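Below is one structure, written out as structure tokens; the observations come after it.
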Number of protein chains: 2
Amino acid sequence: MDEAPKRRVTLVDIAADAGVSRATASLVIRNVSSVAEGTRKRVLKSIKRLGYVYHSGAANLRTQRSNAVGLIVSDITNPFFAEASVAIEERLAASNYVTLLGNTSEDRAKEDRVLKTMREFPAQGILICPALERDTSGGASALAGQLPMVAFARRARGLDYAGVDDAQGAQLAVEHLYKLGYRRIAFIGGSSNSSVSQERVDGYRKALTRSGLKFDPLLVIPSTPTRRGGYDSVRKLLQIENRPTAALCFNDVVALGVIEALQLSGIRVGSGFGVIGFNNIPDAAYSLPGLTTVDTSPRQLGEAAAELLLKRIEQPDSPTRTVILQPRLIVRESCGAST
Amino acid sequence: MDEAPKRRVTLVDIAADAGVSRATASLVIRNVSSVAEGTRKRVLKSIKRLGYVYHSGAANLRTQRSNAVGLIVSDITNPFFAEASVAIEERLAASNYVTLLGNTSEDRAKEDRVLKTMREFPAQGILICPALERDTSGGASALAGQLPMVAFARRARGLDYAGVDDAQGAQLAVEHLYKLGYRRIAFIGGSSNSSVSQERVDGYRKALTRSGLKFDPLLVIPSTPTRRGGYDSVRKLLQIENRPTAALCFNDVVALGVIEALQLSGIRVGSGFGVIGFNNIPDAAYSLPGLTTVDTSPRQLGEAAAELLLKRIEQPDSPTRTVILQPRLIVRESCGAST
DNA sequence: CGAAAGCGTAGGATCGATCTAAATACCAAG
DNA sequence: CTTGGTATTTAGATCGATCCTACGCTTTCG
């Protein structure tokens with residue numbers, strides 16, 4: 001028994017088996033209509049008989065389209081990004097692209113590594129939610145002209161951008177609280193090195209001023225954007241003299257932490273104290289009380305981002321584009337206004 | 001001005017520029033030591049000068065290693081899978097593999113599509129958490145011998161498997177409850193078409209029997225594995241005559257929903273009613289009361305799965321392997337036993 | 001009846017790298 | 001000034017598909 005080295009079945013084999021040329025076999029595979037019905041049948045039969053598996057890698061080399069797009073996320077563990085990623089993957093798959101995943105865990109160095117790998121792959125384009133850092137001119141921006149790229153959720157200089165109007169969202173929230181009679185409103189959970197956070201705080205401040213309230217820097221309590229962060233912030237919140245009666249939180253996860261801590265302190269959320277979150281994650285609907293929140297629809301964001309990238313791949317030299325989605329307020333019970 | 005078609009810079013260009021052959025240029029790129037120092041320097045300079053970008057796709061065609069691995073997840077929105085995916089991606093990246101992502105949303109058809117795309121890519125191996133369904137002989141199993149594949153978190157016939165000892169975890173939980181004096185223990189949130197759920201129910205039943213308690217099918221309350229599912233199950237739970245005094249939940253998300261609903265009904269969790277979850281997701285630590293849960297470490301699971309796949313890629317014909325991680329109980333306050 | 005037109009198919013070049021085997025360069029010893 | 005051996009370098013084939021051009025055959029028509 002000589003053991004067969006198990007060579008790959010290629011178009012050549014198919015062609016030989018069906019008694020046609022590679023070119024013809026290729027035409028059949030690609031479903032080009034110019035092939036005679038009889039020939040097509042014969043080739044298809046050979047394909048099935050020999051168990052041929054298409055090799056897109058080879059095809060891509062020739063056609064110069066890798067059919068792959070890179071998706072670089074700062075933290076796919078965050079439900080918001082997870083949702084957005086799913087939407088992106090779906091949209092790309094619909095256009096026959098494969099998604100290359102890279103999770104950076106907010107690590108700049110890892111981001112650069114992933115970027116390099118994907119570029120060399122070569123991916124035809126890249127979607128990136130840049131890792132947090134001071135300057136926005138980092139690795140991603142450096143590739144700006146070289147490769148179709150789109151930033152989402154967080155901006156990167158020189159890149160197309162799909163994001164949410166965070167300032168507007170914060171304003172909606174503050175106005176809602178104001179209408180319900182709350183006057184001393186805190187902002188919990190921002191962090192100064194995130195553009196998203198800055199924009200939300202800006203909107204918060206603007207809305208306060210517009211409502212005739214004074215912006216008090218003491219009421220802005222920074223924290224990590226996690227449940228724990230929100231939970232811990234409440235201690236500081238309660239120590240503020242002339243204690244706030246409502247809080248706008250950086251995101252839902254923080255808000256849920258805040259609610260828990262407040263209730264543990266005997267403060268009733270929804271009557272007496274108002275809490276609003278950001279993002280409208282699934283859990284927000286099932287908390288007690290239901291969390292009023294600013295819906296930033298990760299799915300739509302993902303779709304918009306993917307759309308931008310596909311467009312840019314088609315027209316690499318078009319001017320930079322930006323899509324800003326408008327958030328809307330989802331009113332539940334955490335501010336006392338049950339609709 | 002004639003506009004340059006902006007041809008790609010290839011090894012040929014580098015070779016010409018540096019006055020060497022393609023082969024030599026290739027040696028330099030791959031860091032092969034047989035190249036003379038002077039030559040290497042010259043080539044590197046040309047690479048920088050012309051802005052050469054490596055094209056692994058082309059290399060892969062020749063070397064027959066695509067350097068890509070497929071990761072197919074049933075729902076990356078689930079925190080447990082998200083964590084596992086991150087761990088997988090990291091492990092693969094460490095071994096120089098790119099991760100192709102596919103999210104199936106528990107959809108069999110999508111799973112088949114993704115599987116096909118990845119196989120044709122061609123990925124060198126696939127990690128899959130199969131979508132829920134009756135028979136485990138579906139699309140993934142069909143490719144068993146053809147392509148290195150590993151199933152994780154959920155079994156698939158004929159594939160390597162990395163998972164958690166769910167039965168054992170359930171037993172730990174039940175024993176814990178028993179020791180604390182709970183005698184009427186429900187199981188909330190299973191679904192009969194998930195092998196994971198079956199194993200957990202099995203462990204639950206076995207532990208009951210072992211403790212001298214009787215297994216009562218009425219106490220097994222199925223639901224979707226979501227917060228809402230847990231929340232809604234409580235209504236049924238409270239209607240059972242001779243009401244249970246404790247509940248083991250299918251996972252933490254369900255458990256959190258259960259806790260909320262219980263508290264809303266005025267039942268105090270942690271004193272009077274015990275609740276245990278599964279998975280130890282980050283939120284479990286921050287709930288009120290802290291959720292006692294069975295830790296199934298998604299990170300470890302992901303690493304184990306990736307490891308299995310790498311091994312199988314090396315030795316495609318080795319016998320099927322299985323890794324079962326042992327869970328441990330994380331005791332918090334939801335059963336009244338504060339450590 | 002021969003040229004033009006149309007359809008289906010085939011052959012060879014090509015994408016951008018790597019591999020193989022062999023050629024060339026370099027250097028010290030005989 | 002060979003010879004032998006080591007150190008570098010190279011031409012050409014190759015991976016598996018697609019593109020381009022041309023060619024054979026049949027059909028159409030002046």
Side-chain angles (χ1 to χ4, degrees), chain A residues 5-44 46-47 50-68 96 98 117 119-124, chain B residues 5-44 46-47 50-68 96 98 117 119-124:
Chain A
K6 214 160 109 181
R7 232 176 35 75
R8 183 186 187 84
V9 178
T10 75
L11 268 192
V12 179
D13 303 313
I14 299 302
D17 188 76
V20 298
S21 72
R22 266 166 314 148
T24 304
S26 175
L27 291 176
V28 172
I29 283 178
R30 282 176 290 154
N31 235 324
V32 175
S33 60
S34 75
V35 182
E37 198 43 35
T39 318
R40 150 170 280 114
K41 283 240 178 69
R42 227 165 351 118
V43 172
L44 287 179
S46 297
I47 288 180
L50 303 186
Y52 170 75
V53 177
Y54 186 66
H55 188 304
S56 30
N60 293 336
L61 178 58
R62 180 67 236 255
T63 58
Q64 303 288 62
R65 316 183 60 252
S66 70
N67 259 358
N96 265 88
V98 179
T117 310
R119 176 144 181 259
E120 294 184 345
F121 192 77
Q124 284 184 248
Chain B
K6 212 158 108 182
R7 232 177 35 77
R8 181 185 189 88
V9 179
T10 75
L11 268 193
V12 179
D13 303 312
I14 299 301
D17 188 75
V20 296
S21 71
R22 276 188 326 291
T24 305
S26 175
L27 291 175
V28 172
I29 282 180
R30 282 175 291 154
N31 235 323
V32 174
S33 60
S34 73
V35 181
E37 198 44 35
T39 318
R40 152 169 280 115
K41 284 240 177 71
R42 228 165 352 119
V43 173
L44 287 178
S46 297
I47 288 181
L50 303 186
Y52 169 76
V53 177
Y54 186 67
H55 189 305
S56 32
N60 293 336
L61 178 57
R62 181 66 235 257
T63 58
Q64 303 287 61
R65 318 183 58 253
S66 70
N67 258 1
N96 266 89
V98 180
T117 311
R119 177 144 181 261
E120 294 184 343
F121 192 77
Q124 286 185 246

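As the structure is a prediction and not an experimental result, all values here were calculated from the model. Chain naming here is simple, since letters A, B, ... match the order of the sequence lines and numbering starts at 1 in each.
Heavy atoms of V12(A) sit nowhere under 4.0 angstrom from any nucleic acid atom. Counting non-hydrogen atoms under 4.0 angstrom, T39(B) reaches the backbone sugars and phosphates but no base. The residue A36(A) sits close only to the backbone: its heavy atoms come under 4.0 Å of sugar-phosphate atoms, none of a base. Counting non-hydrogen atoms under 4.0 angstrom, R22(A) reaches a base of the nucleic acid. T24(B) comes within 4.0 angstrom of a base, heavy atoms only. Counting any heavy atom pair closer than 4.0 Å across all strands shown, S34(B) reaches a base atom. A59(A) comes within contact range of the sugar-phosphate backbone alone, with a heavy-atom separation under 4.0 Å but no base atom that close.
With no hydrogens or angles considered, no side-chain donor-acceptor pair links R22(A) and S26(A) at under 3.5 Å.
Judged by closest nucleotide on DNA chain D, R40(B) is the one of R40(B) and A25(A) placed further toward the 5' end.
Remark: side-chain polar atoms of R65(B) are not paired, donor with acceptor, to backbone N or O of Q124(B) under 3.5 angstrom. In this structure a side-chain-to-backbone donor-acceptor pair under 3.5 Å is present from N60(A) to S56(A).
Side chains of N67(A) and F121(B) form no contact here, defined as non-hydrogen atoms less than 4.5 Å apart. Looking only at side-chain heavy atoms (C-beta outward), V20(A) and R40(A) stay at 4.5 Å or farther from each other.
Between dA13(C) and R62(A), no contact under 4.0 Å exists linking OP1 or OP2 to a side-chain N or O. Not one side-chain nitrogen or oxygen of T10(B) sits closer than 4.0 Å to the OP1 or OP2 atom of dG16(C). OP1 or OP2 of dT18(D) has not a single side-chain nitrogen or oxygen of Q64(A) nearer than 4.0 Å.
Rounded to a whole Å, the CZ atom of R30(A) is 16 Å from the P atom of dG8(C). One can place CG of N60(B) at 15 Å from P of dG16(C), the figure rounded to the nearest angstrom. When rounded to the nearest whole Å, the span between CG of L27(B) and P of dA11(D) equals 13 Å. Taking atom NE2 of residue H55(B) and atom C1' of nucleotide dC15(D), one finds them 13 Å apart after rounding to whole Å. The separation between R65(A) atom CZ and dA17(D) atom P is 18 Å, rounded to whole Å. Protein atom CG of L61(A) is 4 Å distant from nucleotide atom C1' of dC15(C), rounded to whole Å. What separates CD of E120(A) from C1' of dG16(C) is a distance of 13 Å, to the nearest Å. In this entry the distance linking CG of L11(A) with C1' of dT9(C) reads 15 Å, nearest Å.
Distances were taken from every side-chain heavy atom of A58(A) (C-beta onward) to each of dA17(D), dT10(D), dT18(D); the shortest belongs to dA17(D). Nearest to the side-chain atoms of A23(A) among the listed nucleotides dG16(D), dT18(D), dG11(C) stands dG11(C).
Shown here for V9(A) and L50(A), the closest heavy-atom pair between the two residues is CG2-O, 3.6 Å.
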